[in-house]
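Take a look at the structure below.
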Amino acid sequence: MSKSNFSRRGVLKTGAIAGAGLALPTYLRADGHSGYTNAPGDSGTVTIGFNVPQTGPYAEEGLDELRAQELAVEHLNGEGDGGMLNTFSEKNLQGDGILGKKVEFVTGDTQTKSDVARASAQSMIQKDGCIMITGGSSSGVAVAVQGLCQEAGVIFMAGLTHSNDTTGKDRKANGFRHFFNGFMSGAALGPVLEGEYGNERQAYHLTADYNWGWTTQESIQAVTEGMGWGTTETVLTPVGAGDFSSYIAPVLNSGADTLILNHYGGDMVNSLTQAVQFGLKDKQVNGKDFKIIVPLYSELMAAGAGANIEGVIGSMNWNWQLQDEGTKAFVKSFGEKYGFPPSGAAHTCYVQTLLYADAVTRAGTFNPCGVAEALEDFEFDGMGNGPTLYRGSDHQCFKDVLVMKGTENPTNQFDTLEIVDQTPRAQVEYPADHPMFGGAEATLGTCNPGA
Amino acid sequence: MLGMNAKDTMLFVVVTLMVLLAPILLNPFPTDSAFSQFNAGYPALMQRFVIFGILVIGFNILFGLTGYLSFGHAAFLGVGSFAAVWMFKLLSYNIVPAIALSIIVAGLFSVVIGYVALRRSGIYFSILTLAFAQMMYAIAYSDLVGKMFNTIVTNGETGLQVYLDDPQILYSEGDPKLPHLFGWEMNDSFTWDVGGWSFVFQNGYYLAGICMLIAFYISIRIFRSPFGLMLRSIKSNQQRLNYVGVSTRPYMLTAFVISGMYAGLAGGLMSAMDPLTGAERMFWTASGEIVIMAILGGVGTLVGPILGAGAIKYMENIVSTINDNVVRGWFEFMPDGLADFMVTIIHPFIGKGWHLTLGLVFMGVVIFLPGGLVELGQRIGGLFRRKKSSDTPSGATKPAE
């Protein structure tokens with residue numbers, strides 16, 4: 001049927017060409033070894049990569065991160081008012097870049113998709129010669145990019161990622177997280193919830209059906225059950241569902257008196273708004289006022305939910321209303337540049353960039369292994385969260401956690417949340433081999449300098 | 001050569017040279033120049049060019065030849081990558097079993113989906129494939145299979161990756177800890193610094209490139225075979241074939257499975273280049289992207305899919321990384337006011353606005369070049385060629401009556 005005219009000469013010729021093609025890369029082997037990936041060498045500049053979602057569901061958070069990162073680069077290069085460099089407990093950064101090299105940056109769009117985020121990070125490492133990648137606004141993306149940076153041999157300073165897994169079972173030697181996590185949210189919320197709502201409640205969980213939702217629910221459930229609350233039901237909802245009414249209607253007659261929304265971003269805005277429309281907030285069950293709890297808050301979500309958020313309790317990593325010197329300095333320089341207060345996502349990315357720069361300065365090298373060593377078990381202060389520890393065994397930051405509440409009578413458009421409590425660091429600490437964090441099997445592996 | 005006519009051989013040789021020399025051809029600007037931003041010759045992006053090239057070449061066998069628009073092709077890419085990563089986890093980082101299994105698994109899935117979806121044609125077929133793909137996406141994203149057996153199969157949103165404590169039963173001491181072909185590491189590369197340029201030749205890229213050349217060759221043979229002719233006749237008038245007494249379904253199913261296996265190969269290669277995979281690879285936008293690539297390059301042409309895949313991946317990876325600072329760098333020579341003006345004009349089309357640029361390019365191609373980028377090439381070629389007596393391109397067919 002098929003025309004077959006392989007001639008002996010044709011096969012030989014093609015074979016020879018194919019063979020040469022296969023052999024070429026082998027011949028051209030052996031990489032130049034410069035000690036570590038993208039070593040800046042004698043050049044007067046060093047490039048870092050800001051890999052944030054600029055489109056997609058978390059674009060708002062991503063763009064705010066980008067603003068803060070650009071601000072951090074300005075401050076490192078000695079432009080602007082220096083922001084937190086003036087309040088940071090370490091005084092190694094003099095505004096002359098990092099180790100005397102001017103800081104340059106490249107940006108990329110992760111679209112909140114792991115594949116795209118990795119492609120973008122690869123481009124930063126292979127094409128732009130980035131020595132460090134920071135940013136990200138979703139735990140899935142953070143875990144994916146962290147894995148890539150580990151393989152490529154550069155440092156990853158995670159942005160907004162709240163899942164336990166980032167520094168739990170997916171922890172990596174080249175990855176560092178400043179943001180808090182689901183477990184800490186639970187530990188911080190527990191006492192406040194007990195104080196406000198007592199210890200005889202029935203909780204109903206609506207959980208975003210993905211890694212972050214699961215770990216958050218697990219953490220909150222463990223805490224609430226520990227203080228005597230019952231769990232009526234836990235329901236998984238698809239991410240980006242838009243309409244949650246079919247999930248909220250069953251809550252009304254379930255006998256539960258507390259609704260816990262393990263949702264983030266647009267999902268949380270929708271589910272909370274619909275819960276309020278269903279009249280849950282004005283309901284009375286078991287002789288108690290019905291309450292809604294949102295474990296992870298952000299300013300952008302609070303703004304989206306508007307008045308519905310009044311009186312709803314949740315937790316945060318940092319808020320611009322804090323009154324310490326570091327926060328004031330950062331809010332001032334951010335506000336002067338952009339005209340509005342920074343979000344928690346912006347804060348964590350700003351701090352991560354400065355912490356990296358400082359670690360390089362203390363290590364005296366850009367080598368990821370040296371930087372990692374400088375960051376491990378590093379104690380610092382003046383970055384807005386009080387005294388903070390970068391734990392060496394899992395590369396997670398430990399600091400105070402804020403418990404927030406939707407403002408009852410907002411005075412201006414930025415006044416959406418008020419601070420209820422600042423849970424001290426000791427209360428949110430946990431051992432590195434905690435079962436929710438991969439147990440004893442979870443390891444960082446060894447640091448990889450690449451090349 | 002190798003059963004191809006002179007014209008196809010020429011095309012194949014040109015594509016081969018382009019693939020082999022891509023690290024040089026795609027790096028036209030010296031590393032330190034202002035326009036180095038436009039260089040695409042770094043391994044990760046070149047890998048994507050050829051891998052998506054394979055995917056769209058396969059898609060083109062179904063859409064371009066048979067005329068069936070599958071809107072769920074990303075699902076096969078997804079199962080292919082999951083299969084490959086599972087091989088890494090269970091056997092070893094050697095890519096041979098991984099890629100073999102990814103092709104087989106994608107083939108099996110496409111037999112089942114094709115068997116059902118091909119009962120309908122036109123828009124109904126597209127919707128059926130879309131529905132299957134979304135179903136598979138939902139299953140993978142929530143890891144429903146894993147939950148059923150109380151284990152991990154796709155690892156949901158976090159994505160599947162290889163951990164240090166995975167069994168890897170074929171692993172022997174001294175093997176690389178990253179995907180390799182019998183010890184030949186995918187990530188190894190050789191950098192050739194010459195003048196202001198720096199060209200990177202990476203093993204993984206060449207492996208993917210050779211796979212694409214093989215896939216391209218097979219596609220040429222299918223296009224020129226009696227089987228390809230049958231697919232073409234299904235596209236032009238399936239009813240007439242049925243009246244003549246030809247059972248078309250086995251042909252369509254074969255085409256569907258072949259293109260599914262191409263997608264599986266692409267998925268396996270993606271995992272081999274970067275051993276992590278997630279469900280979002282199967283999302284419907286990913287399937288839509290494949291359709292756009294095919295149309296942008298030129299549906300039903302041999303080389304169109306490769307061009308389309310390259311064009312879209314280039315926009316996604318290059319245009320999205322251009323930010324205002326970079327643009328300002330280009331216009332430095334202008335007075336301040338004018339430079340700011342230029343930045344303001346360009347701003348909506350770069351960085352987060354890359355979709356807008358892509359949309360405009362796509363509209364332009366669909367309106368002015370219905371034959372895709374291939375038609376553009378032909379028109380430019382036509383300008384420089386002497387007028388020949390109407391010799392029709394080999395792809396075009398004349399009605400029989």
Side-chain angles (χ1 to χ4, degrees), chain A residues 1-7 10-11 13-14 17-18 21-22 24-26 28-32 54-55 59 63 105-109 113-116 118-120 122-128 138-140 143-144 147-148 151-152 163 165 169-170 209-212 214 236 238-239 441 443 445, chain B residues 1-3 16 20 36 39-45 48 138 141-142 155-159 161 163-165 178 184 187-193 200-203 205-206 210 213 221 224-227 270 274-278 280-281 283 313 316-318 320-321 323 325-326 351-352 354-355:
Chain A
M1 225 171 91
S2 162
K3 190 175 72 167
S4 152
N5 53 355
F6 290 98
S7 70
V11 171
K13 259 199 294 190
T14 323
I17 294 170
L22 274 168
L24 181 73
T26 327
L28 294 174
R29 243 182 110 151
D31 209 332
Q54 300 179 38
T55 54
L63 292 169
F105 66 90
V106 291
T107 57
D109 181 9
K113 293 179 189 157
S114 305
D115 268 355
V116 182
R118 277 169 84 96
S120 166
Q122 276 174 326
S123 139
M124 290 172 173
I125 296 166
Q126 297 177 354
K127 178 173 163 226
D128 303 311
S138 144
S139 292
V143 168
L148 179 100
E151 283 159 21
S163 165
D165 289 352
K169 74 176 170 54
D170 292 316
D209 191 4
Y210 75 99
N211 177 287
W212 169 75
W214 307 332
L236 296 174
V239 180
E441 289 159 21
T443 58
Chain B
M1 194 169 67
L2 284 178
T16 308
L20 291 181
S36 66
N39 282 345
Y42 62 95
L45 184 54
R48 278 185 180 75
Y141 194 82
S142 302
N155 206 11
E157 186 253 7
T158 312
Q161 55 173 311
Y163 292 106
L164 295 172
D165 56 351
L178 282 171
W184 196 58
N187 271 347
D188 257 4
S189 63
F190 166 81
T191 312
W192 183 33
D193 291 306
V200 182
F201 303 88
Q202 195 211 32
N203 293 352
Y205 165 69
Y206 278 101
I210 288 163
L213 290 175
R221 292 304 301 261
R224 303 290 179 241
S225 68
F227 172 68
M270 275 175 95
D274 186 4
L276 177 140
T277 182
E280 76 225 10
R281 230 169 246 187
F283 198 53
K313 283 291 142 189
E316 184 181 282
N317 287 281
I318 302 293
S320 73
T321 58
N323 54 39
N325 282 344
V326 177
K352 64 181 189 289
W354 71 270
H355 282 112

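Please read these numbers as outputs of a predicted model, since none were measured by experiment. First the proteins, then the strands, lettered A, B, ... as listed; each starts at 1.
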### Query
In terms of heavy-atom proximity below 4.5 Å to chain A, should B:Asp193 be classed as side chain, backbone, both, or neither?
neither
### Summary
Closest non-hydrogen contact found for B:Glu280 with A:Asp115 is OE2-N, 2.9 Å
### Task
To the nearest 0.5 angstrom, please state how far the CZ atom of A:Arg118 sits from the CG atom of B:Leu276.
4.0 Å
## Note on the structure
Honestly, the part of B:Leu213 sitting under 4.5 Å from a heavy atom of chain A is neither
### Task
Please confirm whether the backbone N or O of A:Gly147 pairs with a side-chain atom of B:Gln161, one donor and one acceptor, at under 3.5 Å?
no
### Message
One pair to check against side-chain contact (heavy atoms from CB on, under 4.5 Å): B:Phe283 and A:Lys113. What are the steps and the verdict?
### Response
CA-CA 10 Å; B:Phe283 198 53; A:Lys113 293 179 189 157; 5.5 Å; no
### Query
Does any heavy atom of chain A fall under 4.5 Å from the side chain of B:Trp354, the backbone, both, or neither of them?
side chain
### Closest non-hydrogen atom pair between A:Lys127 and B:Asn39, with its separation
CE-O, 3.2 Å
### Query
Which region of A:Ile125, side chain (C-beta onward) or backbone (N, CA, C, O), has a non-hydrogen atom less than 4.5 Å from a non-hydrogen atom of chain B, or is it both or neither?
neither
### Contact leader toward chain B among A:Leu63, A:Asp170, A:Asp128, A:Asp109, where contacts are heavy-atom pairs under 4.5 Å
A:Asp170
### Query
Mind checking whether A:Val106 and B:Thr321 have side chains closer than 4.5 Å, heavy atoms only?
no
### Task
Please test A:Ser123 against B:Asn317 for side-chain hydrogen bond (donor to acceptor under 3.5 Å, both in side chains), starting from the C-alpha separation and ending with a verdict.
CA-CA 8 Å; A:Ser123 139; B:Asn317 287 281; 5.9 Å; no
## Note on the structure
Honestly, the part of B:Thr277 sitting under 4.5 Å from a heavy atom of chain A is neither
### Task
Side-chain contact test, heavy atoms from C-beta onward, threshold under 4.5 Å: evaluate it for A:Glu441 versus B:Tyr163 and give yes or no.
no
### Message
Among A:Gln122, A:Gln54, A:Gln126, which residue has the highest count of heavy-atom pairs closer than 4.5 Å to chain B?
### Response
A:Gln126
### Task
Report the option among A:Trp212, A:Tyr210, A:Phe105 that has the most heavy-atom pairs separated by less than 4.5 Å from atoms of chain B.
A:Tyr210
#### Entry: Per-residue contact mode, A:Ser163 against chain B (heavy atom under 4.5 angstrom)
neither
## Note on the structure
Ranked by heavy-atom pairs below 4.5 Å to chain B, first place among A:Asp209, A:Thr55, A:Leu148, A:Asp165 goes to A:Asp209
